[in-house]
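Since the model is a prediction, treat every value here as computed from it, not as a measurement. Worth knowing before you read on, the calculation uses all heavy atoms, side chains too, and leaves out hydrogens, waters and symmetry mates.
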Amino acid sequence: APEGSLSAHGSYNFADQRYTFDAHGSGLQLKRINALQSISPYLSGSLNFSAAGTGALSDPHFEAHASIDRFLIANDSSSIKPGAFVLSAYAANHALTYDAQATIDSSELIAHGTTAFKPDYPTQAQINLSHFNLTTLFRLTQLDQLSATSSIDGTFNFSGPLAHPDLIRGQANFAPLSATIQGVQLHSDRTIHATLAQNRISLDPVHITGDDTDLNLNGDLSLTGNHVLNLISNGNINLKFAETLDRDLTASGLASFKVQ
């Protein structure tokens, strides 16, 4: 069983379908919760939560708060510093409102959304990302051989029925890119914009320049099936990036290419 303490009590009236409940947990170790480990075996941290509510199934009313200390999604050998995660949720007036904040390394993510308790669960949400360092992404995806320095800020908005993901629409805007990857400085000349529609993320054309690098990129990614990526890219690239593909390779100079 998970370490920590857990307590809960409640009641339910079958006649009028009304309920009451109160639950608390502290010091629950995510590594010991099998349901979570089946999703991500590298998930760790200490979970504390409280939840209480009184209402009817036709119009739920409750309040819940949760926090995870020393939050981490990486293996033990990763150099990512543990972060924190905080979630609050409120149900009233036939809708669920939720706020979340996560910090890991120097990156911070803040989310706010509302989901109506109506057919198809119409939802509106916004996610703000700040000070995101690409090094964190590389470590989370086990690409520890890659080095990067960046501070990326962006916002993602989406709306639509959760019951029908293909009808969800959204857009993301990221501040102009300024990053150093494998010692190569890179910049974009404008805001990076992407859209979500019909289970597909589409990236608007992006122009990236840097040391011996001049790239034009655009494409789209399917979120269903085999997650097909369609990428169109052309320009010049610093061959130092080739070292990221083979740790035993040493390369320098530039190469011109076109990919469709």
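Atom CD of Glu63 has more than 12 neighbouring heavy atoms from other residues, nucleotides or ligands inside a 6.0 Å radius. Heavy atoms from other residues, nucleotides or ligands lying under 6.0 Å from CG of Asn93 number 12 at most.
Both Leu6 and Leu30 are members of a single hydrophobic cluster when ILVMFWY side chains are connected at heavy-atom separations under 4.5 Å. Tracing side-chain contacts under 4.5 Å through hydrophobic residues (I, L, V, M, F, W, Y), one never reaches Ile110 starting from Ile68; they form parts of separate clusters. Follow the hydrophobic side-chain contacts under 4.5 Å out from Tyr121 and you never reach Leu167; the two are in separate clusters. One hydrophobic cluster, built from ILVMFWY side chains closer than 4.5 Å, cannot hold both Val228 and Leu231; they sit in different ones.
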Problem set entry | Derivation and outcome, side-chain contact (heavy atoms from CB on, under 4.5 Å), residues Val184 and Asp212 | CA-CA 8 Å; Val184 178; Asp212 292 329; over 6 Å; no
Exercise. After noting the C-alpha distance and the side-chain angles of Thr114 and Tyr98, does the key distance pass the side-chain hydrogen bond (donor to acceptor under 3.5 Å, both in side chains) rule?
Worked result: CA-CA 6 Å; Thr114 301; Tyr98 36 89; over 6 Å; no
For this session: Check the pair Glu108 / Gln101 against side-chain contact (heavy atoms from CB on, under 4.5 Å), numbers first and verdict last.
Result: CA-CA 7 Å; Glu108 181 179 55; Gln101 181 176 1; 2.6 Å; yes
Problem set entry | Asp189 and His187: CA distance, side-chain angles, deciding distance, side-chain hydrogen bond (donor to acceptor under 3.5 Å, both in side chains) verdict | CA-CA 7 Å; Asp189 57 2; His187 307 274; over 6 Å; no
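Heavy-atom minimum distance, Gly27 versus Ser46: CA-OG, 3.4 Å. Residues Leu129 and Phe174 come closest through the heavy atom pair CD2-CE2, 4.3 Å. Of all heavy-atom pairs spanning Ala66 and Leu47, the tightest one is CB-CD1, 4.3 Å. Annotation for Leu96 and Phe117: closest pair CB-CZ, 3.7 Å, computed over non-hydrogen atoms. When all heavy atoms of Leu87 and Ala100 are compared, the pair lying nearest together is CD1-CB, 4.0 Å. Taking all atoms of both residues into account, the shortest heavy-atom contact from Leu217 to Ser233 is CD2-OG, 2.9 Å.
Going from atom CD1 of Ile208 over to atom OG1 of Thr213 covers 9.5 Å, rounded to the nearest 0.5 Å. Distance check, rounded to the nearest 0.5 Å: CG of Asn218 to CD1 of Ile232 gives 4.5 Å. Residue Tyr19 holds its OH atom at 7.5 Å from NE2 of His61, rounded to the nearest 0.5 Å. Rounded to the nearest 0.5 angstrom, Leu109 CG and Ile127 CD1 are separated by 6.0 Å. From His24, atom NE2 reaches atom OG of Ser5 across 10.5 Å, with rounding to the nearest 0.5 Å. From Thr209, atom OG1 reaches atom CD of Gln185 across 10.5 Å, with rounding to the nearest 0.5 Å.
Phe158 meets the ring-ring contact (aromatic ring centres under 6.0 Å, His included) test with Phe156; sequence neighbours excluded.
Under the 4.5 Å side-chain criterion, counting only non-hydrogen atoms from C-beta, Asn173 is not in contact with Ile192. Contact check for Phe62 versus Phe21: side-chain heavy atoms found under the 4.5 Å cut-off.
The closest side-chain donor-acceptor pair between Ser11 and Thr20, if any, does not fall under 3.5 angstrom. For the residue pair Ser107 / His131, no side-chain donor-acceptor distance below 3.5 Å is found, with atom types taken as modelled. Between the side chains of Asn128 and Thr155, a donor-acceptor pair is found at a separation under 3.5 Å.
With hydrogens and angles ignored, the 3.5 Å screen pairs a side-chain donor or acceptor of Arg169 with a backbone N or O of Asp166. No donor-acceptor pair under 3.5 Å is formed between the side chain of Ser150 and the backbone N or O of Ile152. Asp99 contributes no side-chain N or O that, together with a main-chain N or O of His112, makes up a donor-acceptor pair within less than 3.5 Å. In this structure, the side chain of Thr123 does not engage the main chain of Thr115 through any donor-acceptor pair within 3.5 Å.
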For residues 193-202, dump all side-chain donor-acceptor pairs below 3.5 Å to protein atoms at least two apart in sequence or in another chain.
residue, atom, partner, partner atom, Å
His193, ND1, Asp204, OD2, 2.7
His193, NE2, Gln171, OE1, 2.9
Arg200, NH1, Asp220, OD1, 2.7

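Screening Phe49, Phe85, Tyr90 against His65 for a ring-ring contact (aromatic ring centres under 6.0 Å, His included) leaves a single residue, Tyr90.
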